[in-house]
Amino acid sequence: MADLLFNVRNSFYLGAYNTVINEAADLDNLSDVETIERDCYVYRSYIALGSFDEDVLATLADWLADSACNRNTTVLLVAGMIHAHEGNYPEALKCCHGSTSLELQALCVQVYLKMDRADKAELVVKAMSSVDDDATLTQLATAWVGQALGGAKVQEAAYVYQELGEKYNYTASLYNGRAVCYMKMGRWEDADHDLQEAFNKDAKDPDTLSNLITVGLHLAKNVARYQTQLKMVAPNHPNVKRLEAADEAFARAAASIA
């Protein structure tokens, strides 16, 4: 039986959010369950693009307290993503614990990597591989862990991003992934090339702008343009906070000797 939502689902995993929205609009003759799943990916794509106006934190506790909701994979996934975004990693892991859903397992990998526990993340990837080794999420999770482990694994991760890009078309997310691999390998010019391609795909993507700043500094380029753009699109980005802290420290130092 054909999987009518495969392209929508896969495009979301690869970060092609506009493609998700466009392709979902053309889908009809779906079952009730498929319609709900389609709509979930559409709404998540809008959120990923920054097009939302809702206070999900206010309702999160209610969702997880409701026995009709707290076993739903989508509810657990959204809750886990919110907790991870807020830095509440133990609660994020609770949402993922024991699930056979590749999406929840992939989120678990991301959380472990944020906790600098690449060893735990690697175990989750092995579990994902036992379910579906060829799945896009399994391949992406393998690349994330490879980047964290370093060494020869970084080159292998770069190949994963390349293979996915050639198979499904490159997205800003895939270009950023391979660019990070290139940075870890000291291939700054190659990283810059991929990031310029990512910038052409999405000039407002915070990861692209942040990585362009990092690569630009290593290549002795003027990165003021990207710094300004990053402050505009993601004022709370860690790189913005570091830049502001550095500016404040410089101002204090200058004032002390004036």
Would you mind reporting whether Arg44 and Met81 have side-chain heavy atoms less than 4.5 Å apart?
-> yes
Answer yes or no: does atom CE of Met185 have more than 12 heavy-atom neighbours from other residues, nucleotides or ligands under 6.0 Å?
-> yes
Would you say the side-chain atoms of His193 pair up with the backbone N or O of Glu189, donor to acceptor, closer than 3.5 Å?
-> no
List the atom of Ala157, the atom of Cys181, and the distance in Å for their closest heavy-atom pair.
-> CB-SG, 3.7 Å
Sub-3.5 Å donor-acceptor pair from the side chain of Thr138 to the main-chain atoms of Asp132, do we have one?
-> yes
If you measure from CD on Gln196 to OG1 on Thr208, what distance do you get to the nearest 0.5 Å?
-> 10.0 Å
Val154-Val160 co-clustered via ILVMFWY side chain contacts under 4.5 Å = no
Between the OH atom in Tyr41 and the OH atom in Tyr13, the distance rounded to the nearest 0.5 Å is 3.5 Å
Using a 4.5 Å cut-off on heavy atoms from C-beta on, say whether the side chain of Tyr17 contacts that of Thr171.
-> no
Of Glu34, Glu23, Glu103, Glu37, the one forming a salt bridge (charged side-chain N to carboxylate O under 4.0 Å, His left out) with Arg9 is Glu37
Any Glu197 side-chain heavy atom under 4.5 Å of Tyr170 side chain | no
Is the shortest heavy-atom distance from the side chain of Asp205 to the side chain of Asn176 under 4.5 Å?
-> yes
Check: Val125 and Val109 side chains under 4.5 Å, non-hydrogen atoms | yes
Side chains of Asn10 and Thr136: do they bring a donor and an acceptor to under 3.5 Å?
-> yes
Closest approach of Ser210 and His237, non-hydrogen atoms and distance?
-> OG-CE1, 3.4 Å
Sorted by chain and residue number, the salt bridge (Lys or Arg N to Asp or Glu O under 4.0 Å) partners of Arg117 (sequence neighbours excluded) come out as Asp119
Please list, chain by chain and in numerical order, all residues satisfying salt bridge (Lys or Arg N to Asp or Glu O under 4.0 Å) with Lys94, sequence neighbours excluded.
-> Glu91
Nearest 0.5 Å please: distance from the OG1 atom of Thr214 over to the NE2 atom of His218.
-> 8.0 Å
NZ of Lys204 to CG of Leu49: how many Å apart, nearest 0.5 Å?
-> 10.5 Å
Using a side-chain heavy atom cutoff under 4.5 Å and only I, L, V, M, F, W and Y, what cluster partners does Val215 have?
-> Val180, Met183, Trp188, Leu195, Phe199, Leu209, Leu212, Ile213, Leu217, Leu219, Val223, Tyr226, Leu230, Val233, Val240
Between CG of Leu14 and NZ of Lys167, what distance do you get to the nearest 0.5 Å?
-> 10.0 Å
Cluster overlap Phe12 with Trp144, hydrophobic side-chain contacts below 4.5 Å = yes
Report yes or no: does Arg38 contribute a side-chain atom to a donor-acceptor pair with the main-chain N or O of Leu27 at less than 3.5 Å?
-> yes
Do side-chain atoms of Ser45 reach the backbone of Ile21 as a donor and acceptor pair under 3.5 angstrom?
-> no
Please answer whether the main-chain N or O of Val8 pairs with a side-chain N or O of Ser11 as donor and acceptor at a distance below 3.5 Å.
-> no
Least distance between heavy atoms, Asn22 atom then Asp26 atom = O-OD2, 3.5 Å
When rounded to the nearest 0.5 Å, the distance separating OG1 of Thr74 from CG of Asp39 is 11.0 Å
Check each of Gln147, Gln139, Glu166 against Tyr161 using the side chain to side chain donor-acceptor pair (under 3.5 Å) test, and report the only one that passes.
-> Gln147
